[in-house]
Asks: 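Just dropping this structure here.
Fair warning: this is a prediction, and the values are worked out from it, not measured in the lab.
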Amino acid sequence: MNSVELDYATLTDVGRLRQVNEDSVLAETPCFLVADGMGGHEAGDLASQAAIAVFAEQVQRGQPSSVALAGEVLNAARLAVAEVAAGRERGAGCTLTGAILVTHDGELHWLVLNIGDSRVYMHRGSELRQITVDHSLVEEVRRGDAGAELPPRNIITRALGSSDSTADSWLLPVETGSRLLICSDGLTSELADEEIRAVLTMGGRADAVAAELVHRANDAGGRDNISVIVLDTVVGGRSWHVDDGTDEETDDGKTVTATRPVPRQRSEAPSASEGALMSADAASTSAAHDSEQAS
């Protein structure tokens, strides 16, 4: 297994209308995650912070993780959010989406996971593909009847802290020259996929792209908190080529689990440093990291 060099940047912003930023972001190898506190609930910001903190504390930094450990930590995040929600009249919850660098069959992969309506996109060359599927009522209606009247976008069908916290997950090969975008719905509710694709294609380095995406989302209305992670594989991944239009299935990109992992046994883990966990008490917080290597 070769080492991989990553370049990534994060930016989280309260937006133009909200008073509190309920998004939390973790961007430190191997975990690149966004959690969006559920609007209309008490302590959505505390729920998203709790979910992210579990990954920051229990996944060893600076090296690839594993699918099994990611499942165990995800279940611990469920328990942490449940603790936040306990005793609160309106509950507490959050979405969770992102990519974790893992070793699988001796090769580096991205384990993409999703619960809720935040998203992960893959960008290669000038092509953009949404990896995750929104867990929202509007997405269910759209897939069931393309001509039906759509409900409001903000009704989600899965979340940590809800009755259904089932995660979808995919294994994707790590490919040199590819770019992942991980974002909350504060971005995708303001910008169409084509505008996102154009920024990712023409925007340059990860930090400049992250700043431009958040700027455009605010200019378009900024009605929700906006969080983005732009994650580039610089060196060490597989080579890639533009798809030829066929739909031949391979082992890469298939859903690997859509079930709750078994309960984990608690273990001691190093605590997170302040820089590892980005909750957003301030209106805007950003961080950029250049040329990090993971082996």
Side-chain angles (χ1 to χ4, degrees), residues 8-15 18 20-27 31-41 44-56 70 74 77-78 81 92-100 110-123 128-140 142 152-162 164-170 172 179-193 196 200 210 213-214 217 222-231 255 258 277-280 285:
Y8 55 91
T10 73
L11 184 61
T12 184
D13 191 274
V14 72
R18 300 291 180 92
V20 176
N21 193 338
E22 295 188 330
D23 291 355
S24 295
V25 179
L26 175 63
C31 293
F32 300 88
L33 302 167
V34 170
D36 180 357
M38 291 169 61
H41 287 66
D45 54 341
L46 298 181
S48 68
Q49 290 170 24
I52 290 294
V54 171
F55 282 88
L74 176 58
R78 288 190 178 98
V81 173
C94 64
T95 70
L96 181 69
T97 197
I100 301 173
W110 291 115
L111 175 63
V112 174
L113 60 87
N114 182 55
I115 306 169
D117 61 351
S118 297
R119 293 181 180 176
V120 177
Y121 291 89
M122 170 70 77
H123 180 265
L128 182 68
R129 178 165 64 104
Q130 182 179 332
I131 303 299
T132 55
V133 177
D134 293 353
H135 298 144
S136 65
L137 185 58
V138 67
E139 183 65 21
E140 290 184 359
R142 182 184 289 117
R153 284 194 55 170
N154 62 347
I155 303 174
I156 61 175
T157 55
R158 297 188 205 175
L160 295 177
S162 74
D164 188 354
S165 61
T166 305
D168 293 337
S169 53
W170 300 258
L172 305 177
R179 168 172 277 177
L180 291 177
L181 170 65
I182 302 158
C183 59
S184 63
D185 68 326
L187 179 74
T188 55
S189 63
E190 302 292 359
L191 303 184
D193 280 4
I196 292 172
L200 292 171
L213 288 170
V214 171
R223 290 168 291 180
D224 199 354
N225 308 146
I226 309 156
S227 294
V228 302
I229 303 173
V230 179
L231 173 57
T255 301
L277 174 62
M278 293 181 62
S279 66
T285 308

Asks: Asn21 pairs by side-chain hydrogen bond (donor to acceptor under 3.5 Å, both in side chains) with which of Thr12, Asp45, Asp13?
Replies: Thr12
Asks: What's the separation between atom OH in Tyr121 and atom CD1 in Ile131, rounded to the nearest 0.5 Å?
Replies: 10.5 Å
Asks: Between Ala77 and Ala51, what is the shortest heavy-atom contact and its length?
Replies: CB-O, 4.0 Å
Asks: Please round to the nearest 0.5 Å and tell me the distance separating atom CZ of Phe55 and atom CG of Leu26.
Replies: 9.0 Å
Asks: List the steps, then state whether side chain to side chain contact (heavy atoms under 4.5 Å, CB included) holds for Ile52 with Leu33.
Replies: CA-CA 7 Å; Ile52 290 294; Leu33 302 167; 3.8 Å; yes
Asks: Thr188 and Asp134: side chain to side chain contact (heavy atoms under 4.5 Å, CB included), yes or no, with the steps?
Replies: CA-CA 11 Å; Thr188 55; Asp134 293 353; over 6 Å; no
Asks: In the structure I gave you, are the side-chain heavy atoms of Trp170 and Thr132 within less than 4.5 Å of one another anywhere?
Replies: yes
Asks: Supply the atom-to-atom distance Leu96 CG to Ser165 OG, rounded to the nearest 0.5 angstrom.
Replies: 10.5 Å
Asks: Give me the atom names and distance for the closest heavy-atom approach of Thr97 to Cys183.
Replies: CG2-O, 4.3 Å
Asks: Kindly give the heavy-atom pair with the smallest separation between Ala99 and Ile182, and that separation in Å.
Replies: N-CD1, 3.9 Å
Asks: Identify the two heavy atoms, one from Gly37 and one from Ser48, that lie closest to each other, and give their separation to 0.1 Å.
Replies: N-CB, 3.9 Å
Asks: With distance as the sole criterion, is a donor-acceptor pair present between the side chains of Thr95 and Ser118 under 3.5 Å?
Replies: yes
Asks: Please check if any side-chain donor atom of Asp23 sits under 3.5 Å from a side-chain acceptor atom of Ser184, or the reverse.
Replies: yes
Asks: For the residue pair Val14 and Asn225, what are the closest heavy atoms and their distance?
Replies: O-ND2, 2.9 Å
Asks: Applying side chain to side chain contact (heavy atoms under 4.5 Å, CB included) to Arg119 and Asp193, what does each step give before you reach the verdict?
Replies: CA-CA 11 Å; Arg119 293 181 180 176; Asp193 280 4; 3.8 Å; yes
Asks: So, taking the atom named CZ in Arg158 and the one named CG in Asp117, what distance separates them when rounded to the nearest 0.5 Å?
Replies: 12.5 Å
Asks: Which atom names give the shortest non-hydrogen contact between Tyr8 and Ala27, and what distance separates them?
Replies: CE1-O, 3.4 Å
Asks: So Leu180 and Met122, side chain to side chain contact (heavy atoms under 4.5 Å, CB included) or not? Walk me through it.
Replies: CA-CA 5 Å; Leu180 291 177; Met122 170 70 77; 3.6 Å; yes
Asks: Give, for atom CD of Glu22 and atom CG of Leu46, the distance between the pair rounded to the nearest 0.5 Å.
Replies: 9.0 Å
Asks: Please examine the side chains of Val81 and Met38, heavy atoms only from C-beta on, and report whether any two atoms are closer than 4.5 Å.
Replies: no
Asks: Are any of the side-chain heavy atoms of His135 and Asp168 separated by less than 4.5 Å?
Replies: yes
Asks: Any chance you could measure Asp185, atom CG, to Ile226, atom CD1, to the nearest 0.5 Å?
Replies: 10.0 Å
Asks: So, Arg18 and Asp224, do they make that salt bridge, N to O below 4.0 Å?
Replies: yes
Asks: Using a 4.5 Å cut-off on heavy atoms from C-beta on, say whether the side chain of Leu231 contacts that of Trp110.
Replies: yes
Asks: Is it true that a side-chain atom of Gln49 and a backbone atom of Ser24 form a donor plus acceptor pair closer than 3.5 Å?
Replies: no
Asks: Are Leu213 and Leu181 side-chain neighbours, meaning at least one heavy-atom pair lies under 4.5 Å?
Replies: yes
